[in-house]
Amino acid sequence: MATIRVQSEDFDAAAEVDALIAGRRDVGAVVTFVGLCRDEGGRLAALELEHYPGMAEEEIGRVVAEAEARWPLMGAAVIHRSGRIAPGERIVFVATASAHRAAAFAAADFLMDYLKTRAPFWKKEHPADSGAGGWVAAKDDDDRAAERWAR
Amino acid sequence: MATIRVQSEDFDAAAEVDALIAGRRDVGAVVTFVGLCRDEGGRLAALELEHYPGMAEEEIGRVVAEAEARWPLMGAAVIHRSGRIAPGERIVFVATASAHRAAAFAAADFLMDYLKTRAPFWKKEHPADSGAGGWVAAKDDDDRAAERWAR
Amino acid sequence: MKAVYFAWVRERIGKPEEEIAPPASVATAGDLIAWLAGRGEEYAYAFEQPKTIRVAIDRTHVKHGAAIAGAREIAFFPPMTGG
Amino acid sequence: MKAVYFAWVRERIGKPEEEIAPPASVATAGDLIAWLAGRGEEYAYAFEQPKTIRVAIDRTHVKHGAAIAGAREIAFFPPMTGG
């Protein structure tokens with residue numbers, strides 16, 4: 001059973017990892033990823049994260065199911081925040097648990113690449129000066145990163 | 001400045017991550033790895049971790065320096081426990097911080113592969129039954145994993 | 001069927017969702033984008049680069065060639081930038 | 001110079017470290033392994049498969065061909081299994 005949540009509030013990465021491995025003695029490797037809001041050299045006051053309620057959770061679920069089909073995972077968690085997020089704050093959390101490190105690393109890396117290109121979230125920048133905010137453009141890099149996993 | 005420690009006591013992964021990114025607004029990605037002691041289907045009572053004091057810390061430092069030369073890291077931490085470790089307990093912790101996820105993932109993966117094959121630690125198994133313990137044999141898989149990073 | 005819009009598609013059209021009733025000749029997601037683009041200048045602006053627009057039918061990503069028959073909810077949005 | 005042993009090399013030899021004074025003809029780490037192996041059956045057992053043995057001179061990994069001149073501490077151990 002994977003943990004999948006979209007929420008406006010912050011998350012506790014340590015508590016999520018503890019829940020993932022609680023009572024288990026067969027997990028040998030846990031990889032976590034935390035994505036944070038950068039201030040882009042002081043240019044950024046905040047990010048606004050918009051998402052497609054319902055589909056966001058469902059799509060993350062499909063991405064997690066794909067990861068579970070590809071690697072022998074003993075647990076996985078994805079938490080993605082929505083709403084206004086200030087520089088230094090956490091945006092996204094991914095955790096994977098497996099018997100061995102190669103599967104845990106690959107699955108976490110894959111989850112992030114697929115979330116970036118498939119999960120219906122959009123970032124708008126609120127600049128530190130009074131200028132108008134702008135929607136972040138999708139990166140070709142992210143598409144290429146996701147294509148690494150094509151079968 | 002990277003955090004590098006060899007210690008018998010457990011570590012607090014969340015506190016280490018907090019220290020890594022404290023006061024920063026330029027970090028966009030933090031990847032952590034935690035290696036745990038498996039009970040191998042009930043066969044194992046504990047692992048005994050022997051290390052080469054002095055060289056262990058120095059060699060981890062060389063591995064971290066190599067990672068910092070390869071990827072634009074904003075921080076790194078490696079903590080490796082020594083002594084007796086029971087199933088379910090943490091053995092090793094690696095964390096990497098960078099502006100972007102690709103560097104953080106690659107550096108953490110690299111650190112683990114290099115630690116496995118270069119850091120002077122040896123695992124001895126204490127079996128759950130009364131049989132004699134045995135030293136864990138090095139895995140060809142680990143050598144191959146480390147060779148992925150050869151330049 | 002319900003059309004829903006996100007990010008700058010939503011901002012350009014000026015509403016998050018609406019009921020639409022395209023004619024029977026509108027068979028695919030791509031047809032629907034072209035039909036919506038003809039509904040007014042805010043729609044023309046939102047869909048000025050049709051290839052950029054991503055479509056989901058009933059909360060599942062689809063290509064522009066996907067049939068819309070039977071769809072209850074069709075979403076239009078820019079490429080995703082989460083994570 | 002000081003020789004230090006770890007893991008099953010230490011267990012087979014029966015001590016964690018000792019002072020050694022090899023003759024001048026022992027020039028490399030590999031030579032030193034061969035010389036140590038001739039010191040008694042516990043050493044012969046520890047070094048029965050010389051190629052398996054890893055060597056560090058003054059806390060740095062070296063190959064068997066490395067010169068030992070000037071070394072203060074030479075360590076012998078099996079392949080690492082940490083992490």
Side-chain angles (χ1 to χ4, degrees), chain B residues 6 33-38 47-63 65-66 78-83 85 90-94 108-125 132-143 145-146, chain D residues 1-20 28-30 32-33 36-37 41-83:
Chain B
V6 177
F33 176 87
V34 172
L36 299 136
C37 178
R38 297 186 303 271
L47 282 176
E48 186 79 30
L49 263 291
E50 180 169 333
H51 75 292
Y52 185 170
M55 181 175 166
E57 294 85 345
E58 288 178 20
E59 189 64 23
I60 294 171
R62 287 187 281 267
V63 171
E66 176 73 24
V78 176
I79 302 172
H80 203 306
R81 292 178 66 194
S82 64
I85 294 175
R90 287 173 276 261
I91 300 171
V92 62
F93 173 74
V94 161
D109 200 1
F110 168 89
L111 284 172
M112 279 309 303
D113 284 346
Y114 266 47
L115 287 181
K116 282 259 177 189
T117 55
R118 299 192 58 89
F121 288 84
W122 301 272
K123 289 194 184 97
K124 189 174 193 175
E125 295 187 340
W135 291 95
V136 173
K139 293 198 195 94
D140 289 344
D141 273 2
D142 288 331
D143 288 334
Chain D
M1 68 185 66
K2 186 163 81 169
V4 298
Y5 311 118
F6 293 98
W8 52 255
V9 175
R10 172 182 54 72
E11 287 185 340
R12 289 179 181 188
I13 291 173
K15 56 183 108 172
E17 60 179 70
E18 62 186 320
E19 284 297 321
I20 57 172
T28 67
L32 190 51
I33 288 172
L36 285 166
E41 68 180 22
E42 67 275 33
Y43 291 91
Y45 181 35
F47 296 114
E48 66 183 357
Q49 294 190 303
K51 285 185 180 170
T52 307
I53 304 298
R54 304 296 178 92
V55 183
I57 293 181
D58 294 333
R59 300 180 173 180
T60 301
H61 292 296
V62 298
K63 303 200 178 204
H64 284 198
I68 61 169
R72 286 158 302 173
E73 182 172 296
I74 305 197
F76 301 90
F77 42 77
M80 284 72 77
T81 55

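Letters go in sequence order (proteins before strands), and every chain restarts at 1.
With values rounded to the nearest 0.5 angstrom, B/Glu59 atom CD is found 12.0 Å from D/Arg59 atom CZ. To the nearest 0.5 angstrom, B/Thr117 atom OG1 is 8.0 Å from D/Arg54 atom CZ. Taking CE of B/Met55 as the start and OG1 of D/Thr60 as the end, the distance is 6.5 Å to the nearest 0.5 Å.
Comparing B/Arg81, B/Met112, B/Glu58 by how many heavy-atom pairs each has under 4.5 Å with chain D, the most go to B/Glu58. Contact count versus chain D (heavy atoms, under 4.5 Å) is highest, among B/Phe93, B/Phe121, B/Phe33, for B/Phe121.
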List the atom pairs, donor and acceptor, that lie under 3.5 Å between side-chain atoms in residues 69-83 of chain D and the rest of the protein, sequence neighbours left out.
from	atom 1	to	atom 2	distance (Å)
D/Glu73	OE2	B/Tyr52	OH	2.4
D/Thr81	OG1	B/Lys123	N	2.9

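Using a 4.5 Å cut-off between heavy atoms, B/Ala137 contacts chain D through its backbone alone, with no side-chain atom that close. The parts of B/Arg118 that come within reach of chain D are both its backbone and its side chain, each placing non-hydrogen atoms under 4.5 angstrom from that chain.
Counting only heavy atoms from C-beta outward, the side chains of D/Glu11 and B/Lys124 approach each other to under 4.5 Å.
In D/Gln49, the CD atom is not crowded: 12 or fewer heavy atoms of neighbouring residues, nucleotides or ligands sit closer than 6.0 Å.
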